[in-house]
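Throughout, protein chains are lettered first and strands after them, A, B, ... in sequence-line order, and every chain is numbered starting at 1. Note that these values count all heavy atoms, side chains included, but never hydrogens, waters or copies made by symmetry.
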2 protein chains.
Amino acid sequence: MHTFTEENYLKAIYKLEEQTGETVINSDLAKALSIHSATVTDMLKKMSQKKLITYEKSKGFELTDKGKKLAIGIIRRHRLWEVFLVENLAFGWDEVHDMAEQLEHIQSEDLINRLDRYLGHPKADPHGDPIPNEKGVFAKSKATLLSTLNTGTSCVFSGVTDHSATFLSYLDKVKLSLGDTIKIIEIEEYDKSFILGLEGRKSITISSKIANSILVVAEPSK
Amino acid sequence: MHTFTEENYLKAIYKLEEQTGETVINSDLAKALSIHSATVTDMLKKMSQKKLITYEKSKGFELTDKGKKLAIGIIRRHRLWEVFLVENLAFGWDEVHDMAEQLEHIQSEDLINRLDRYLGHPKADPHGDPIPNEKGVFAKSKATLLSTLNTGTSCVFSGVTDHSATFLSYLDKVKLSLGDTIKIIEIEEYDKSFILGLEGRKSITISSKIANSILVVAEPSK
DNA sequence: CTATTATTTTAGGCTTATCTAAAATAATAG
DNA sequence: CTATTATTTTAGATAAGCCTAAAATAATAG
Ligand SMILES: [Mn+2]
Ligand SMILES: [Mn+2]
Ligand SMILES: [Mn+2]
Ligand SMILES: [Mn+2]
């Protein structure tokens, strides 16, 4: 139906819209895809002909409903495959992204819906990102950055904003995993590093850079 | 590493070599891939430059060791994914080929070896075709066509030579499955149709065309 | 408002994988 | 051995995706 390239454009545009909440501009998309602006312009024309985006010369552009639906489908596939790789094939969460980048392009509604059922209709992928259901519906996350909270707050580690293997394997090293309950014991005035209390183990210190890539939600009321 | 296209050429050449036991010729490959001879000629030049095949103008061509190794790897991936789709996602054996055609191109040694382990190192795919191991080794089948056997022979249904969905779903309809023990009760003189005895159920009649696409092995000695 | 800077588009090229039509080569029948 | 047929190769095109360099347009600072 659609080429890999087109699907990658769709996904990238979707994520930029999500991030900025605005119309996407050429240069941002070019940067996201590591290609040149001239190439993007070419493709925008084609995609707008196919009614995947609205586009006016030298203005920004955004996904049409059709484009958005396709983009969400690609994200659904990506995240479901990541769950499979981690849950069933025992890959680490830092290892699965590149494989999922390939697997997300496999075309078969039936396949992905059966995979979803096989995995037990997971709500989130190994990085805490929500998985759209068959209809493309998914809960908007109410997570906040750990770095925005105050000393004394307790919360639960629910996601990451940095998906790089180096960041994720750093979290493995310090044994921070999704679902962990975290209490902010202290925020160091000088460098904004965080001292975190963790259930049943020694507290750890993380830099502000790390705290700025960790998403948390309020502690579940019991 | 290699493009989908190149991988499809490799697989097709491998299968033609396997079938004919000979050097492959342009027109056969063109037919197998549903493309034109001129296109094949182009690609043969490129593949021979990459040392994937030996090739001399207007002679036939064959896979080098390097090409053969790659081809077997693709077949391994195809068949392992088919097992996954049938065993884990409950697809019918007539439904999985097109998905496997896509999945076979996913690049990751680690992924396919983990999938192999997850599936319990299956020896054959849902159609009875042998699955090469990590090193590319697999048993050459000693199956024969049902149509070559004589009245009175007992054997076990072990594979098919026609992989089309129509043929496979016909077998489903008459409830013939891999592993079934079959006894040839009678071969009709006039049209070479076969009457087959099946353990614990009524005998069935199949046409010579069907008998000619069914592979069987000798009944296991108990 | 205008000059400078930033962004986008156009123009012209390249590569891969395909096609059609024509030319060259090989195989085969008589 | 030669004429006819079959197969393969060459030549010239096309479409998708990408590039660089130059031109056009938009944004911004003074
Ligand atoms: Mn990912
Ligand atoms: Mn993810
Ligand atoms: Mn198959
Ligand atoms: Mn198969």
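Of the side-chain N and O atoms in A:Lys45, none sit less than 4.0 angstrom from OP1 or OP2 of C:dT9. Between C:dT18 and B:His36, no contact under 4.0 Å exists linking OP1 or OP2 to a side-chain N or O. Contact annotation: B:Thr3 side-chain N/O to C:dT16 OP1/OP2 distance is not under 4.0 Å. Regarding contacts with the backbone of C:dT16, every side-chain N or O of B:Tyr9 stays at 4.0 angstrom or more from both OP1 and OP2. In this structure, A:Lys57 reaches the C:dT10 phosphate: one of its side-chain N or O atoms is under 4.0 Å from OP1 or OP2. Taking only side-chain nitrogens and oxygens, B:Thr41 never comes nearer than 4.0 Å to OP1 or OP2 of D:dT10.
Of the candidate nucleotides D:dT8, D:dA11, D:dC18, D:dC18 has the atom lying nearest to any side-chain atom of A:Ile35. For B:Ser27, the listed nucleotide lying nearest its side chain is D:dT7; candidates were D:dA11, C:dT18, D:dT7. The side chain of B:Ser37 lies closest to D:dT9, out of D:dT9, C:dA17, D:dT20. The side chain of B:Ile25 lies closest to D:dT8, out of D:dT9, D:dT8, C:dT9. Closest to the side chain of A:Thr39, out of C:dT18, C:dT9, D:dC19, is D:dC19. Counting only heavy atoms from C-beta on, B:Thr5 has its side chain closest to C:dT18 among D:dT9, C:dT18, D:dG17. Of all nucleotides listed (D:dG17, D:dT9, C:dT8), D:dG17 comes nearest to the side chain of A:Lys46.
Look at CD on A:Gln49: it is 13 Å from C1' on D:dA15, rounded to the nearest Å. Atom-to-atom, CG of A:Asp42 to C1' of C:dC14 comes out at 13 Å; the value is rounded to the nearest Å. The nearest whole Å value for the distance from the CZ atom in B:Phe61 to the P atom in D:dT7 is 14 Å. The separation between B:Lys31 atom NZ and D:dT8 atom P is 10 Å, rounded to whole Å. If you take CE of B:Met47 and P of C:dT16, they are 14 Å apart, rounded to a whole angstrom. Straight-line distance from the NZ atom of B:Lys59 to the P atom of D:dT8: 13 Å, rounded to whole Å.
For the 3.5 Å distance criterion, the side chains of B:Ser213 and B:Asp162 fail to qualify, holding no donor opposite an acceptor. When only modelled atom types and interatomic distance are considered, B:His105 and B:Glu7 share a side-chain donor-acceptor pair under 3.5 Å.
Side-chain atoms of B:Arg79 never come within 3.5 Å of backbone atoms of B:Asp125 as a donor-acceptor pair (strictly under, hydrogens ignored). For B:Glu62 (side chain) and B:Val24 (main-chain N/O), no donor-acceptor pair under 3.5 Å exists by modelled atom type.
Here the CD1-CD1 distance, from B:Ile112 to B:Ile74, works out to 11.5 Å after rounding to the nearest 0.5 Å.
More than 12 heavy-atom neighbours from other residues, nucleotides or ligands sit within 6.0 angstrom of NZ on A:Lys66.
Across the strands present, D:dG30 finds its partner in C:dC1; the criterion is a Watson-Crick or G-U wobble pair with both atom distances under 3.5 angstrom. When both pairing distances are held under 3.5 Å, C:dT25 makes a Watson-Crick or G-U pair with D:dA6. Nucleotide D:dT20 forms a pair with C:dA11, judged by Watson-Crick or G-U wobble geometry with both contacts under 3.5 Å.
Toward the 5′ end of DNA chain D lies the nearest nucleotide of B:Tyr55, the other residue of the pair B:Tyr55 and A:Ser34 mapping further downstream.
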